[in-house]
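Order of appearance sets the numbers: ligands from 1, and atoms from 1 within every ligand. In this text the structure is predicted, and so the values were computed from the model without any measurement.
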Amino acid sequence: MKQLDLSADALLTTTRAVRKRLDLERPIDRTVVEECLRVALQAPNGSNRQTWNWVVVDDASTRAAMADIWRGGAADLGAAAASAATPARPPGERQPEIMESVSWLNQHLHEVPVLVVATVDGRPEGASMFTQATMWGSVLPAVWSFMLALRSRALGSCWTTVHLEREREMAELLGIPFADVTQAGMFPVAYTIGTDFKPGAREASADTIRWNRW
Ligand SMILES: Cc1cc2nc3c(=O)[nH]c(=O)nc-3n(C[C@H](O)[C@H](O)[C@H](O)COP(=O)(O)O)c2cc1C
């Protein structure tokens, strides 16, 4: 498939969390998603064991059921946040804008043409730090590569984790063996409305880079 003319740095700095600019009307050929996943599978992973799997859903009724579980997870998190004494970190300036965009996705998730759940073999509960780091590190780089491959083909996604509050329900719906396999997130996929995206707001790198010592 034809790709956008973007330098590596432009691709890396303009691959955004896309919500309101997901095109809910334009269908996606399965081969495009498969091509992006083929690219993603070149990502680094522990001992090259390739313990990832990708549940790619384009069936409308399954997407609707997934969206319901996702909304349930979001509601659980909303309730927990409302009763928490103080937020873990103060929200940034763009928080109202992000929340509006999150709320849009909440309403429209079932309409997004493809939903992808990324998984990794094993369970992190009670595992050593080494095992946990290896698990997450064996799937999350591939997820990001997938998002980059989508962007270079005029599609987009948004990293989401809220449904993990209800991971077991999603496992039951999709037939994922919960005892042996962990879900890393759900990634709504669609063509984007327009392809001009800008670098996002970030802390100045000088504030986060610490040479030689913390
Ligand atoms: C680990 C992780 C979890 C996230 N979970 C959600 C989520 O559940 N729902 C959502 O709408 N966005 C989620 N996001 C997207 C972030 O909100 C987004 O990346 C951030 O606001 C920065 O925006 P940008 O990627 O466009 O620069 C998540 C991102 C990451 C990396």
Side-chain angles (χ1 to χ4, degrees), residues 4 6 9-24 40 43 52 54-55 57 63 66-82 84 87-120 124 132-133 135-152 154-167 169-170 182-205 207-208:
L4 302 181
L6 293 171
D9 280 4
L11 180 68
L12 286 163
T13 56
T14 65
T15 300
R16 299 264 68 78
V18 185
R19 303 184 188 88
K20 290 162 81 174
R21 287 177 62 185
L22 294 171
D23 188 338
L24 304 177
W52 46 45
W54 312 84
V55 184
V57 179
R63 282 186 287 126
M66 291 169 80
D68 282 345
I69 294 170
W70 192 95
R71 290 183 190 109
D76 293 347
L77 285 167
R89 278 205 190 199
E93 269 175 26
R94 282 186 61 229
Q95 194 64 11
E97 200 186 311
I98 294 172
M99 289 326 292
E100 199 220 322
S101 171
V102 168
S103 153
W104 184 94
L105 186 61
N106 196 305
Q107 286 167 44
H108 293 279
L109 187 64
H110 60 287
E111 299 168 63
V112 181
V114 172
L115 300 177
V116 177
V117 172
T119 72
V120 62
Q132 291 191 35
M135 276 181 66
W136 297 123
S138 294
V139 65
L140 302 185
V143 167
W144 181 233
S145 293
F146 177 57
M147 291 176 72
L148 295 170
L150 290 169
R151 160 85 173 121
S152 74
L155 293 95
S157 186
C158 175
W159 197 303
T160 82
T161 45
V162 291
H163 91 270
L164 298 177
E165 284 294 296
R166 298 193 177 196
E167 186 194 356
E169 274 180 55
M170 190 67 81
T182 301
Q183 297 166 51
M186 190 215 273
F187 305 88
V189 173
Y191 280 95
T192 56
I193 299 171
T195 56
D196 57 318
F197 289 91
K198 296 189 173 53
R202 294 291 190 265
E203 256 185 74
S205 58
D207 294 342
T208 56

Taking the six-membered ring for Trp, are Trp54 and Phe146 parallel (under 30°), tilted (30 to 60°) or perpendicular (over 60°)?
tilted
Closest non-hydrogen atom pair, Gly156 against Leu22:
O-CD2, 3.7 Å
Please report the interatomic distance CZ(Arg151) to CZ(Phe197), rounded to the nearest 0.5 Å.
6.0 Å
Where is the tightest heavy-atom contact between Cys158 and Pro188, given as atom of each residue plus distance?
O-CD, 3.2 Å
What's the spacing between Leu115 CG and Ser157 OG if we round to 0.5 Å?
9.0 Å
In chain-and-number order, ligand 1 lies under 4.0 Å from a heavy atom of each of Arg16, Ala17, Arg19, Ile98, Val102, Cys158, Trp159, Thr160, Thr161, Val162, Arg202
Taking atom CG of Asp207 and atom CZ of Arg202, what is their separation to the nearest 0.5 Å?
14.5 Å
